[in-house]
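Comments concern the structure below.
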Amino acid sequence: MSVVSSEAAREQSRVPIGVKFFQLAPHFALFVFLLIIWEVAVATDLIKSIMIPAPSAIVASIIELYFTKGTIYYHFGITFAEAVLGFTIGAAIAVILAVSSALSEPFKRYIAPYAILLNVTPGIALTPVIIAWFGYGMGSKIALAAVLCFFPIYVNTLTGLIQRDEDREDLFRSLGAADILIFTKLRLPSALPMFFAGLKIGLTTALIGAVVAEFSQATDGVGVLMNRFSFQLNMASSIATLLSMTLIGLILFYTMEFLDDRIVFWRREARRASVSWAKRRAYKRRVK
Amino acid sequence: MSNSQTFNPAKTNRAHLGRKRALLHVVIFSTLIVSWETGSRIGLLDPLFYPSPSSILNSAWTIYVANATIWYHLYATLGLVFLGFLAGSIFGTGLGAIVGFNSVVRRFLKPYVIVLEATPRIAVAPLLIAALGFGSASKIAIIMLVCFFAPFINTLSGVVNVNEDKLELFKSLRASKLQILKKLVLPEAIPVMMAGERLALTAALSGALVAEFIQRDKGLGSMILIYTRNLNMASAFACIFTLTVIGFLIFRGMEWLDHRIAFWKNEAGLARVSTKRARKMEGF
């Protein structure tokens with residue numbers, strides 16, 4: 001997302017609506033065209049509907065799942081809660097360990113081998129064991145989500161905190177800044193972009209953890225729902241459920257992107273400008 | 001050699017410090033293991049759920065040597081990982097290059113890429129198994145899908161993010177398109193691409209495990225699942241530690257490959273290749 005979307009994003013924001021419509025029209029045309037080809041291919045039995053259902057069937061089951069029956073909301077909420085809770089726990093542990101590692105060299109030295117060990121083991125391999133430990137309920141899903149999202153957050157926070165700009169640190173010291181001030185005013189802000197990048201990766205992996213644990217053994221959740229539909233060969237509903245996972249992923253990702261945008265405002269031109277305007281206004285008011 | 005270095009206090013200090021640190025590592029590690037072992041011996045940790053290190057070693061001996069059951073499953077999993085990774089990364093790299101070089105395709109593909117990136121790709125596993133049936137085909141398809149994305153994105157970003165100034169310089173010197181590709185784009189893109197391949201190989205292992213959790217006919221994933229279901233946790237942990245070793249080997253192997261292929265990114269590789277080229281030039 002970062003690669004493809006960043007290019008034109010800046011210019012896009014100032015384009016009037018009429019022009020925007022003309023920019024978006026070919027995209028919609030292509031999308032509709034693809035859907036029609038797909039629909040026709042299924043209708044003429046070029047694609048077997050039991051393997052890949054027609055878009056109309058998928059839309060019908062989306063309507064059924066979300067509006068007429070509304071079965072998805074409960075499972076959606078469960079998976080969402082599992083992913084977010086697991087992410088919160090994993091991120092909290094990761095941040096605590098990363099900050100301690102950054103502050104104390106020996107701590108980092110002796111904790112690093114275990115962190116690496118945890119990283120090279122595919123965390124998903126722990127799924128059955130974690131289910132045996134934490135039971136069939138939400139606990140095991142939260143635990144797996146926490147295990148999976150731990151490492152990217154730990155590594156990114158640590159690298160962010162460790163990287164040092166010697167010149168700036170010298171400047172701080174020459175102005176007589178205390179160590180704590182250097183940490184809060186220099187090292188912490190410069191670590192934040194990396195930290196948020198880690199959080200974004202962590203959120204995605206936490207969602208994967210929750211869903212995979214649900215596949216293995218669970219009673220509620222989007223993963224269970226999808227597993228159930230695909231074992232019934234109800235592919236349309238299965239794909240509709242898959243799209244709801246995409247929705248969870250998008251919600252989580254853009255929430256984090258929004259936080260990133262607000263908190264690390266100095267990395268983005270537009271945000272930096274508006275924040276500095278606000279600060280200037282506040283300053284003027286105070287001076288008056 | 002030792003004679004000349006005994007007078008260098010910094011060096012002996014460093015060697016001494018290194019030995020001390022290694023010793024401390026060993027002490028910490030063995031303390032952990034011993035407390036774990038005693039914890040499960042005196043009943044603080046239920047051995048049914050948290051097996052002791054000795055029982056894990058014991059079952060590792062059983063599945064590796066005495067019964068030698070793991071080899072068949074190891075072979076099955078690694079074969080899957082290799083095939084799936086090969087297919088997925090070739091597909092991903094190829095598509096990434098096509099999309100990277102073609103801005104029209106890139107613009108139209110963008111929304112689909114965003115949607116695909118937000119979907120947990122492993123979640124498609126049950127769907128693929130339902131569509132392709134039980135067997136290796138669906139497993140390989142899952143692995144392909146899981147490890148398609150990182151090479152795709154990294155190839156794309158490697159190809160797209162060319163340094164504008166350098167490109168201008170190349171163009172002003174009338175470099176041909178092939179020359180720009182060979183001398184400018186690829187040297188910048190290959191390290192990024194290699195990072196993508198590394199992610200993909202790790203993801204392939206996870207994908208294979210999930211595929212085997214869902215269809216438990218053979219492979220390490222099904223072994224772990226079945227051992228856990230039988231509450232034979234020691235054997236399950238033996239399999240998980242096997243995966244740790246595999247993961248470590250993959251990590252190190254890819255790092256080595258990265259240093260070999262993208263030699264211009266590290267000093268040692270640069271020195272190696274330049275001496276080789278110098279030797280070749282000596283003939284002239």
Side-chain angles (χ1 to χ4, degrees), chain A residues 1-5 7-8 26-27 30-31 50-52 106 109-110 113-114 116-129 131-133 204-205 207-208 210-212 215-216 222-223 226-227 229-233 235 238-239 241-243 245-254, chain B residues 21 24-25 28-29 49-50 106-111 113-127 129-132 153-154 156-157 160-161 202 205-207 209-210 213-214 220-221 224-229 231 233 236-237 239-241 243-251:
Chain A
M1 211 172 299
S2 52
V3 186
V4 195
S5 60
E7 289 172 13
H27 286 276
L30 182 73
F31 185 63
I50 203 161
M51 283 175 76
I52 300 173
R109 198 180 312 129
Y110 297 113
Y114 305 100
I116 291 172
L117 216 63
L118 188 67
N119 180 36
V120 295
T121 315
I124 281 176
L126 292 173
T127 317
V129 177
I131 287 174
W133 283 350
T204 324
T205 52
L207 181 59
I208 289 175
V211 169
V212 168
F215 283 156
S216 308
V222 180
M226 185 175 163
N227 226 356
F229 283 135
S230 48
F231 278 130
Q232 293 165 0
L233 286 180
M235 297 305 250
S238 192
I239 289 178
T241 321
L242 180 69
L243 289 178
M245 289 183 204
T246 310
L247 192 63
I248 297 180
L250 283 174
I251 291 175
L252 292 177
F253 188 90
Y254 278 109
Chain B
R21 280 178 186 170
L24 206 53
H25 272 297
I28 290 175
F29 182 69
F49 288 111
Y50 312 99
R106 190 160 72 235
R107 203 171 58 235
F108 282 100
L109 218 62
K110 193 176 99 184
V113 170
I114 290 176
V115 169
L116 200 65
E117 194 167 8
T119 316
R121 284 172 292 286
I122 282 182
V124 189
L127 255 172
I129 287 172
L132 298 175
I153 281 290
N154 279 33
L156 177 59
S157 68
V160 170
N161 296 337
T202 324
L205 195 56
S206 302
L209 287 174
V210 171
F213 285 155
I214 297 176
L220 280 178
I224 294 173
L225 198 73
I226 289 163
Y227 280 137
T228 322
R229 292 266 161 94
L231 281 179
M233 290 301 225
F237 268 97
C239 294
I240 289 172
F241 286 128
L243 282 169
T244 307
V245 173
I246 295 174
F248 189 70
L249 289 179
I250 286 177
F251 182 74

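In what follows, chains carry the letters A, B, and so on, assigned in the order in which the sequence lines appear, proteins first and then strands, with residues in each chain numbered from 1.
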Look at atom CZ of F29(B) and say whether more than 12 heavy atoms of other residues, nucleotides or ligands are closer to it than 6.0 Å.
no
Just to verify, what does T246(A) make a side chain to side chain donor-acceptor pair (under 3.5 Å) with, not counting sequence neighbours?
T119(B)
For Y110(A), what residues pass the ring pair (Phe, Tyr, Trp, His ring centres under 6.0 Å) criterion, not counting sequence neighbours?
H25(B)
Nearest-0.5 Å distance that lies between atom CG in N227(A) and atom CD1 in I214(B):
6.0 Å
Between F49(B) and W133(A), which heavy-atom pair has the shortest distance, and what is it?
O-NE1, 2.8 Å
Whatever's closer than 4.5 Å to a heavy atom in chain A on F213(B) counts as side chain
So, the part of V129(A) with a heavy atom under 4.5 Å from chain B: the answer is both
Which answer fits T202(B), side chain, backbone, both or neither, if we ask what part of it has an atom under 4.5 Å from a heavy atom of chain A?
neither
Tell me, for F251(B) versus chain A, whether the close heavy atoms (under 4.5 Å) come from the side chain, the backbone, both or neither.
side chain
Heavy-atom pairs under 4.5 Å with chain A, option from G247(B), A236(B), A123(B) with the top count:
A123(B)
Rounded distance (nearest 0.5 Å) linking atom CD1 of I239(A) with atom CG of L127(B)
5.5 Å
Using non-hydrogen atoms only, which part of V245(B) is less than 4.5 Å away from chain A: side chain, backbone, both, or neither?
neither
Region of R107(B) in contact with chain A, defined by heavy-atom distances below 4.5 Å:
both
Measure the CZ-CG distance between F248(B) and L117(A) for me, rounded to the nearest 0.5 Å.
9.0 Å
Any non-hydrogen side-chain atom of I131(A) less than 4.5 Å from a side-chain atom of T228(B)?
no
Can you say whether P106(A) sits under 4.5 Å from chain B via the side chain, the backbone, both, or neither, judging by heavy atoms?
neither
Given heavy-atom pairs under 4.5 angstrom as the criterion, report whether the side chain, backbone, both or neither of F31(A) touches chain B.
both
Side chains of I122(B) and I124(A) in contact at under 4.5 Å (non-hydrogen atoms)
yes
Looking only at heavy atoms and a cut-off of under 4.5 Å, which of P128(A), G249(A), S230(A) has the most pairs with chain B?
P128(A)
Do you know which two heavy atoms are closest between L209(B) and A125(A), and how far apart they sit?
CD1-CB, 3.6 Å
